[in-house]
Colleague: 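First, the structure itself, so that you have it in front of you.
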Amino acid sequence: MFRSRTRPSPASLSRRLPILALICGSAAGCGSDGPGGPDQPPGTLTVVPASLVMGRGMTRQLSATVLDASGARVPDASITFASDDEALASVTPDGLVSYVGVGSTNVSATSDDLVSLVPYRGMRTGHPLGTTATSVRLPGGQEGNGPFGVAVDGEGRIIISQTNTGHLASNFYPATNFGISGVEGTPTSVAPVDGGRILVTPTGPENTDASVIDLSAVQPVVQVPLGVTAFSLAIAPDSQTAYLGTVDGRVLEFDVASSRVTGAIDLEVDKSRANHLALNATGTLLYASSFTSGTVSEIDLASRSVRRTFVVGGEPQGIAISPDGAQLFVADEAGTGKIDVWDIVNLGLVTSLPSGATSSAGGPFGMAMSPDGVVVYTGVITGDSIGAILVIDVAAHAIERTITSCGGIPRRVGFGYSGGLAVVADETGCANFVE
């Protein structure tokens with residue numbers, strides 16, 4: 001697999017592919033907030049989920065249960081829902097909550113004299129302020145099973161791949177516990193696609209497959225043979241096409257609906273590997289970095305061909321493109337590492353920012369542009385026991401804030417909740433959440 005400070009155990013390649021258990025497909029499957037239970041007091045109204053955090057465009061369905069004085073479920077109980085502040089959250093009579101604005105309020109469920117309040121918080125859009133950082137340890141031994149890839153789907157479900165065991169950990173934010181399900185392989189990249197599904201790579205006994213997983217129901221993994229290891233992944237804006245970067249210097253075009261590879265684009269650079277991918281704002285150009293060749297390739301997706309190759313030198317890992325398509329941000333892991341900003345219109349290096357790594361055992365790795373294009377988040381392996389997350393101002397070309405990671409090996413970065421939340425997986429067994 002690609003260059004990594006912590007490598008999954010070879011034993012992870014010998015697991016058998018199970019039928020996928022539901023990865024917290026509903027809030028009732030995530031944690032202990034489900035209705036009923038032996039310690040449930042009688043004469044109560046219980047609502048699932050017990051709290052809501054939502055972003056722009058999001059909806060969540062509430063489910064309520066009434067228990068009588070004996071603790072038995074009351075069938076056909078009449079339950080009504082209401083929002084304390086319609087300017088922040090709206091709710092239908094059957095409990096479908098929709099995001100309206102930023103702020104906190106309550107959504108209530110009422111049945112006769114029973115009332116249950118569900119705290120609601122609407123998150124800001126664009127990018128996290130970076131003033132609040134929390135973390136959680138992920139389930140599993142071997143340092144949390146090696147968290148690596150990150151995705152946040154349209155419902156606000158956070159999915160983190162665990163390379164040491166081939167597991168996927170998932171729950172809604174904020175989460176103190178994660179459910180896990182298994183896939184085969186050492187997955188480093190995960191991304192939501194259409195219809196409540198996620199794409200995970202690499203999977204399979206030889207790490208030469210990709211897997212499509214349906215989160216909405218208990219369904220088997222659709223495992224797609226690629227014939228090559230693909231460590232990186234990017235999804236087109238329409239969620240119908242995925243791009244998979246391979247270790248043999250190609251980008252595979254993957255059709256989501258049919259779950260098959262429909263084409264391949266050669267980077268045309270000797271000894272290259274497409275280790276990280278990034279799309280421009282319009283989804284017309286794809287960029288692929290290769291730490292083995294010190295290059296970043298610019299791919300025209302309409303013609304499915306390499307338009308330009310930038311020789312950036314060093315060991316380029318994570319990359320990001322400014323909203324106007326004029327600037328390329330590169331996490332250069334060589335030496336103690338730096339973050340390079342390139343002008344790809346006039347073809348020149350604008351500036352290099354120090355990563356804060358203290359030795360060649362560290363350096364910047366994962367990188368992602370916020371949805372509004374205002375900041376770039378970069379995970380840095382400092383070489384000490386604690387890693388760092390750099391928040392870079394895109395316009396000023398300056399490090400705006402440094403956030404201490406929950407562990408020493410921050411990996412991939414993902415944004416969710418309309419950009420109000422950043423999630424950074426740390427391979428030492430935890431995940432960072434930044435608001």
Side-chain angles (χ1 to χ4, degrees), residues 24 26-28 30-34 45-64 79-111 114-136 150-159 170-178 192 323 368-377 389 391 393-394 400-401 403 413-424 431-435:
C24 295
S26 67
C30 302
S32 59
D33 59 353
L45 171 60
T46 303
V47 184
V48 175
S51 64
L52 292 169
V53 176
M54 299 175 65
R56 185 181 59 191
M58 288 176 55
T59 60
R60 289 286 300 278
Q61 179 66 53
L62 297 176
S63 174
I79 302 171
T80 59
F81 297 90
S83 171
D84 285 359
D85 190 340
E86 292 283 346
L88 300 181
S90 65
V91 59
T92 64
D94 61 353
L96 181 65
V97 182
S98 297
Y99 172 95
V100 179
V102 179
S104 298
T105 188
N106 290 310
V107 176
S108 64
T110 304
S111 180
L114 300 175
V115 179
S116 182
L117 297 180
V118 177
Y120 162 93
R121 180 160 61 91
M123 299 184 72
R124 73 188 300 270
T125 62
H127 69 277
L129 290 176
T131 56
T132 302
T134 58
S135 65
V136 65
V150 172
V152 185
D153 71 7
E155 295 184 354
R157 182 187 293 106
I158 297 165
I159 306 121
S170 178
N171 203 346
F172 291 93
Y173 178 76
T176 57
N177 63 313
F178 276 73
M369 177 76 66
S370 65
D372 61 1
V374 172
V375 295
V376 168
Y377 271 57
I389 301 164
V391 182
D393 186 306
V394 171
E400 176 183 287
R401 183 175 287 105
I403 300 168
V413 180
F415 289 95
Y417 292 85
S418 304
L421 179 72
V423 185
V424 184
N432 301 277
F433 305 103
V434 183
E435 290 190 45

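Nothing fancy with the numbering, it's 1 onward along the sequence.
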Colleague: Contact between Val391 and His127 at the side-chain level, heavy atoms closer than 4.5 Å - yes or no?
Modeller: no
Colleague: Does some side-chain heavy atom of Glu155 sit less than 4.5 Å from a side-chain heavy atom of Phe172?
Modeller: yes
Colleague: Any sub-3.5 Å donor-acceptor pair from Asn171's side-chain atoms to Ala175's backbone N or O?
Modeller: no
Colleague: For Gly156 and Tyr417, which heavy atoms make the closest approach, and how far apart are they?
Modeller: O-OH, 2.6 Å
Colleague: Taking the side chain as every heavy atom from C-beta outward, state whether Val394 and Val374 have any atom pair closer than 4.5 Å.
Modeller: no
Colleague: Run through Thr105, Val97, Leu52 and flag the one making a side-chain contact (heavy atoms from CB on, under 4.5 Å) with Val118.
Modeller: Leu52
Colleague: Please enumerate all residues that pass side-chain contact (heavy atoms from CB on, under 4.5 Å) together with Thr59, with sequence neighbours excluded.
Modeller: Leu96, Ser98
Colleague: How would you list, by chain and number, every residue that makes a side-chain contact (heavy atoms from CB on, under 4.5 Å) with Pro119, sequence neighbours excluded?
Modeller: Ser51, Asn106
Colleague: Please name the pair of heavy atoms, one in Ser83 and one in Val91, separated by the smallest distance, quoted to 0.1 Å.
Modeller: N-CG1, 3.5 Å
Colleague: Tell me, please, which residues at least two apart from Ala368 pass side-chain contact (heavy atoms from CB on, under 4.5 Å).
Modeller: Val413, Phe415
Colleague: Between Arg401 and Leu129, which heavy-atom pair has the shortest distance, and what is it?
Modeller: NH1-O, 2.9 Å
Colleague: Applying side-chain contact (heavy atoms from CB on, under 4.5 Å), name anything that partners Ser116, two or more places apart in sequence or on another chain.
Modeller: Leu45, Val47
Colleague: Walk me through whether Val423 and Tyr173 qualify under side chain to side chain contact (heavy atoms under 4.5 Å, CB included).
Modeller: CA-CA 10 Å; Val423 185; Tyr173 178 76; over 6 Å; no
Colleague: Would you say Ile389 and Asn432 make side-chain contact, with heavy atoms under 4.5 Å?
Modeller: yes
Colleague: Find out whether Tyr99 and Ser418 are in side-chain contact, i.e. whether some heavy atom of one side chain is under 4.5 Å from a heavy atom of the other.
Modeller: no
Colleague: So do Val434 and Ile403 actually touch side chain to side chain, heavy atoms under 4.5 Å?
Modeller: yes
Colleague: With a 3.5 Å distance limit and no angle check, can you tell me whether Ser370 reaches the backbone of Val375 through a side-chain donor-acceptor pair?
Modeller: yes
Colleague: Using only atom types and a distance under 3.5 Å, with no angle test, would you say the side chain of Tyr120 pairs donor to acceptor with the backbone of Leu88?
Modeller: yes
Colleague: Looking at Pro371 and Gly419, what are the two nearest heavy atoms and their distance?
Modeller: CG-CA, 3.6 Å
Colleague: Under the salt bridge (Lys or Arg N to Asp or Glu O under 4.0 Å) rule, what pairs show up with a residue in residues 116-134, not counting sequence neighbours?
Modeller: Arg121-Glu435
Colleague: Find out whether Asp94 and Phe81 are in side-chain contact, i.e. whether some heavy atom of one side chain is under 4.5 Å from a heavy atom of the other.
Modeller: no
Colleague: Do Met123 and Met54 have side-chain heavy atoms sitting under 4.5 Å apart?
Modeller: no
Colleague: With sequence neighbours left out, what residues match Thr125 under side-chain hydrogen bond (donor to acceptor under 3.5 Å, both in side chains)?
Modeller: none
